[in-house]
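Scroll down for the structure; my scribbles are underneath it.
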Amino acid sequence: MRVLYVPFFSNVNLGGCSIFNNMKIAARTLVERHPDVFVHYPLPGPPFEQNGADYLKHPRIETFTVPAIRYQENDTVYVPPVLFDRFNIHHGDVGVDLVLCDKHRLTPWIKLLMNQHLKSPDASVPVVNYAQYPMCDGEVGNHSTPEWELSQTLGIFTAPTMWACNFDLQLCLKVARKWCLPHVVRTIEDNAILDCGVAIDCARIDKHMIEKPRDQILINYGFRLSAAYGIEENFDEVDKMYRAGRKLKLIITTPSASAGRVGGGLLNKLKKLGVPHEAHIACPQDDFFRIASGCHIALRTADGSESSVSFLEHVYMRVACLLPWAKKVEPWMEGYPWTYKNKAEMHGMARYLVDNYWSDEVQSTLDKYRERVLQHKSCDGRADRMYGHFSRIINQSAPTGKMNESVVGITRDTLDRWGNPAEFTWQQFSQAMEKHSDSKTEPWQHIFFGKTKFHFIHALRTLGYQDACDSAVPRYVKVTP
């Protein structure tokens, strides 16, 4: 199974990009658990900083640099041409089995760019959306224009879509009903994949976890140093508890490349107030696991969502994470006790946890939800479910009918005259096709008859050849029955 990932870059510092941190885990665990998978993973060029990209170093993951647009809204509608110069099913060098797309507004155009031959719609590489952050109806993000909503709806109608949680699906169905006929809405709902949302690498976290001190309560702030994240409110609460005589310390672990104007001002304020604190700016992920796992409590005031990677990591590390009341509640989170609806509730919960973190009640709650994260949000389980869905979708997309029978016949004749080699590359197969085929044409020249590389790859599979998926260049190997 050869997969091309079409990414969405939401932050110039990849180490602080939640989409990147989620998808790099998805790609790595997918190839580690399934040796027949190869992933082509584009990374952005300057001005992006590729912090955290080392995690993708694996023999069956190819990373390569592509142009990227700095601003989120623009990047949602931009596809680097290099992807389709190389992976197009007519003229590209590499044939893939599936495209995993993080830009669901562009799915119809990605399908067209992969094919570019409207007369053979069945010869199209299947696309699967990953809708991590759908933005519509003003409830998620700041976009609620008709054009935005309609283009997003068209994208999720065009391909099966993996959702972070059921709340996001319901939100998009609500928007789809504004613009689409009932059968379109039903198709979106029928094609929804709800068991492959955000997940974390529990085994990696385990390698870096440390013991929590008992003589002092450490409060972690592990998010960006931005006014949008309500950090002043967080820091003021720590200051109030410190002045009330509680023995505590604020630990800042931020992926932000610098403190910036807002963060720098607040750090200076903490220093003047004499609040014990330490700041780890541009904190690498492994360092974050080590430092944050030694903390007891995490405060956050950003919009509530239990689907964020940082929240799952805190819960797994047995850090009592205070979370604004979350609309995006999944079954595993039912009953989570530390969600608040207003500042007064947050203040009361924070002070209770500082005073009672080591109580049996708090400890049993931490154990309970850590186990739930391990059970429902482990990247290993998600990788297995993704593999199952991808295999099903690829099989359903296999070409059929007389055209496919014709391609299988051409391929069989070519292989017979070539001596049925045990293995070969696509380039070698193309040369054999040109030499031995009665039509004396290269495979992609069959475009005029509606035949594509997609057809020939499936024909090779039908005849017992599989992509070894052990390098960036496909190598087809005869599989012994």
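All of these numbers come straight from a predicted model, not from anything done at the bench.
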Mind checking salt bridge (charged side-chain N to carboxylate O under 4.0 Å, His left out) for [X] and listing every partner two or more places apart, or none if nothing turns up?
X      : answer
Asp367 : Arg318
Arg370 : Asp206
Asp97  : Arg461
Glu32  : Arg28

Main-chain N/O of [Y] paired with [X] side-chain donor or acceptor, under 3.5 Å:
X      : Y      : result
Asp467 : Cys469 : yes
Asn220 : Ile252 : no
Ser378 : Gln375 : no
Arg385 : Asp195 : yes
Thr63  : Tyr41  : no
Gln50  : Pro44  : yes
Arg382 : Gly197 : yes
Asp287 : Cys283 : no
Asn22  : Val198 : no

Measure up the Phe38 and His40 rings against each other and bin them: parallel (under 30°), tilted (30 to 60°), perpendicular (over 60°).
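Plane angle between 30° and 60°, so tilted.
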
May I ask you to decide if the ring planes of His208 and Phe289 are parallel, tilted or perpendicular, using 30° and 60° as cut-offs?
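Plane angle between 30° and 60°, so tilted.
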
Under 4.0 Å between a side-chain nitrogen and a carboxylate oxygen: does that hold for [X] and [Y]?
X      : Y      : answer
Glu371 : Lys377 : no
Arg60  : Asp470 : no
Lys269 : Asp239 : no

Which is it for Tyr476 and Phe456 under the ring pair (Phe, Tyr, Trp, His ring centres under 6.0 Å) test, yes or no, and what are the steps along the way?
CA-CA 12 Å; Tyr476 299 95; Phe456 283 98; over 10 Å; no

Is any side-chain heavy atom of [Y] closer than 4.5 Å to one of [X]?
X      : Y      : result
Trp426 : Asp93  : no
Val37  : Tyr387 : yes
Val94  : Val473 : no
Val125 : Leu4   : no
Leu353 : Trp338 : yes
Ile297 : Ile217 : yes

My understanding is that only residues two or more places apart in sequence, or in another chain, count here; which of them pass side-chain hydrogen bond (donor to acceptor under 3.5 Å, both in side chains) with [X]?
X      : result
Thr153 : none
Asn166 : Gln170
Asp102 : Tyr5, Gln132

Go through Tyr55 and Asn21 one step at a time and tell me if the side chain to side chain donor-acceptor pair (under 3.5 Å) criterion holds.
CA-CA 10 Å; Tyr55 186 83; Asn21 287 327; over 6 Å; no

Does any pair with a residue in residues 45-55 pass salt bridge (charged side-chain N to carboxylate O under 4.0 Å, His left out), and if so which ones, sequence neighbours excluded?
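Output for this query lists Asp54-Lys57.
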
Residues that [X] engages under ring-ring contact (aromatic ring centres under 6.0 Å, His included), provided they are two or more places apart:
X      : result
His296 : Tyr357, Trp358
Tyr130 : none
Phe288 : His314

With no hydrogens and no angle check, do the side chains of [X] and [Y] hold a donor and an acceptor under 3.5 Å apart?
X      : Y      : value
His347 : Glu345 : no
Gln285 : Lys24  : yes
Thr161 : Asn191 : no
Arg105 : Ser151 : yes

Using every non-hydrogen atom in the two residues, find where [X] and [Y] come nearest and quote the distance to one decimal.
X      : Y      : result
Tyr336 : Cys321 : OH-O, 2.7 Å
Pro42  : Leu83  : CG-CD2, 3.7 Å
Leu322 : Met346 : CD2-O, 3.6 Å
Ser293 : Ile210 : OG-N, 3.1 Å
His277 : Leu267 : NE2-O, 4.2 Å
Cys196 : His389 : SG-CD2, 3.7 Å

Mind checking what makes side-chain contact (heavy atoms from CB on, under 4.5 Å) contact with Thr158, not counting sequence neighbours?
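Residues passing side-chain contact (heavy atoms from CB on, under 4.5 Å) with Thr158: Thr107, Pro108, Lys111, Leu154.
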
Please report whether the ring centroid of Phe9 lies less than 6.0 Å from that of Phe20.
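Distance test on ring centres: not under 6.0 Å, no.
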
Test side chain to side chain contact (heavy atoms under 4.5 Å, CB included) on Leu374 and Tyr316; report intermediate values, then the result.
CA-CA 7 Å; Leu374 182 61; Tyr316 183 75; 4.2 Å; yes

The test is side chain to side chain contact (heavy atoms under 4.5 Å, CB included); show your working for Glu189 and Leu173 and say whether it passes.
CA-CA 7 Å; Glu189 193 165 17; Leu173 289 174; 4.0 Å; yes

